[in-house]
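If you're wondering where the values come from, they're calculated on a predicted model, not measured in any experiment.
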Amino acid sequence: MPKITIASSGKVLEAPEGANLFEFLNDNGVPVASSCGGEGVCTKCLVRVIEGAENLSPPNELENDMNDINEFPKAHRMSCQTKVYGDIVIDTDYW
């Protein structure tokens, strides 16, 4: 099972392969900002991927469109549109 490490706290969670990052974090006590409930329109659920970007699903069309509009900082992903396939280390400004 892929390990998700929260850099700021050192907390490590094991996720099922293919888990939606936003849903998994929220379900496991790691709140992720969102005003759209994970529908992919608010972009508040951005997480910074410190390690393991290759272990995430590639950005889908919606995430690419939102990136074109909002110009996400480098190495940031919309957690609601991202699936986990291997170990990652992530963080946000509010954790």
Side-chain angles (χ1 to χ4, degrees):
M1 290 180 51
K3 292 180 181 166
I4 300 172
T5 302
I6 310 302
S8 58
S9 69
K11 184 175 189 172
V12 178
L13 303 167
E14 288 192 10
E17 188 170 328
N20 176 281
L21 184 57
F22 174 82
E23 291 172 5
F24 179 80
L25 291 171
N26 278 306
D27 289 347
N28 286 276
V30 182
V32 179
S34 174
S35 61
C36 71
E39 295 296 318
V41 294
C42 74
T43 71
K44 292 181 180 180
C45 68
L46 286 179
V47 295
R48 181 170 38 99
V49 181
I50 299 168
E51 292 178 22
E54 69 278 4
N55 295 325
L56 299 172
S57 59
N60 61 21
E61 185 176 352
L62 176 59
E63 188 174 5
N64 283 328
D65 289 347
M66 296 307 285
N67 188 23
D68 289 345
I69 294 167
N70 297 291
E71 298 179 358
F72 302 149
K74 186 177 178 178
H76 282 65
R77 294 290 308 272
M78 288 174 59
S79 64
C80 71
Q81 300 299 305
T82 303
K83 293 186 179 178
V84 181
Y85 293 103
D87 296 352
I88 58 171
V89 178
I90 58 172
D91 211 356
T92 69
D93 293 337
Y94 53 85
W95 284 335

For [X] and [Y], which heavy atoms make the closest approach, and how far apart are they?
{"X": "Thr82", "Y": "Glu63", "result": "OG1-OE1, 4.0 Å"}
{"X": "Ile88", "Y": "Gly52", "result": "CG2-O, 3.4 Å"}
{"X": "Pro2", "Y": "Pro16", "result": "CD-C, 4.1 Å"}
{"X": "Cys80", "Y": "Cys45", "result": "N-SG, 3.5 Å"}
{"X": "Asn26", "Y": "Pro31", "result": "OD1-CA, 3.4 Å"}
{"X": "Gly37", "Y": "Ser34", "result": "N-OG, 2.9 Å"}

When you compare the side chain of [Y] with that of [X], does any pair of heavy atoms fall below 4.5 Å?
{"X": "Phe24", "Y": "Leu13", "result": "yes"}
{"X": "Val30", "Y": "Ile4", "result": "no"}
{"X": "Leu46", "Y": "Met78", "result": "yes"}

Query raised in the report: Tyr94, Leu21: one ILVMFWY side-chain cluster at the under-4.5 Å cut-off?
Result: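 Same hydrophobic cluster.
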Query raised in the report: Any link between Phe22 and Trp95 through a network of hydrophobic side chains (Ile, Leu, Val, Met, Phe, Trp, Tyr) touching at under 4.5 Å?
Result: yes
Query raised in the report: Of Leu62, Leu56, Asn20, which is the lone residue that meets side chain to side chain contact (heavy atoms under 4.5 Å, CB included) with Gln81?
Result: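 When Leu62, Leu56, Asn20 are each tested with Gln81, the side chain to side chain contact (heavy atoms under 4.5 Å, CB included) holds only for Leu62.
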Query - Test log, rule side-chain contact (heavy atoms from CB on, under 4.5 Å), inputs Ile90 and Ile6 - result: CA-CA 5 Å; Ile90 58 172; Ile6 310 302; 3.9 Å; yes
With rounding to the nearest 0.5 angstrom, report the [atom1] to [atom2] distance, [X] to [Y].
{"X": "Lys11", "Y": "Leu25", "atom1": "NZ", "atom2": "CG", "result": "9.0 Å"}
{"X": "Glu71", "Y": "His76", "atom1": "CD", "atom2": "NE2", "result": "14.0 Å"}
{"X": "Thr5", "Y": "Asp87", "atom1": "OG1", "atom2": "CG", "result": "7.0 Å"}
{"X": "Thr92", "Y": "Lys44", "atom1": "OG1", "atom2": "NZ", "result": "14.0 Å"}
{"X": "Asn64", "Y": "Ile69", "atom1": "CG", "atom2": "CD1", "result": "11.0 Å"}

Query - Worked verdict on Met66 versus Phe72 for side-chain contact (heavy atoms from CB on, under 4.5 Å) - result: CA-CA 8 Å; Met66 296 307 285; Phe72 302 149; 3.9 Å; yes
**Report entry** Heavy atoms from other residues, nucleotides or ligands near CG of Asp93 exceed 12 (cutoff 6.0 Å)
**Finding:**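 Count not over threshold, so no.
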**Report entry** Glu54 CD: over 12 foreign heavy atoms closer than 6.0 Å
**Finding:**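 Yes, because the 6.0 Å sphere around CD of Glu54 holds more than 12 heavy atoms from other groups.
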Query raised in the report: Between Arg48 and Asp91, is there a side-chain N and carboxylate O pair less than 4.0 Å apart?
Result: yes
Requested in this report: Measure from the side-chain N and O atoms of Ser79 to the backbone N and O of Val47, and report whether any donor-acceptor pair falls under 3.5 Å.
Outcome: no
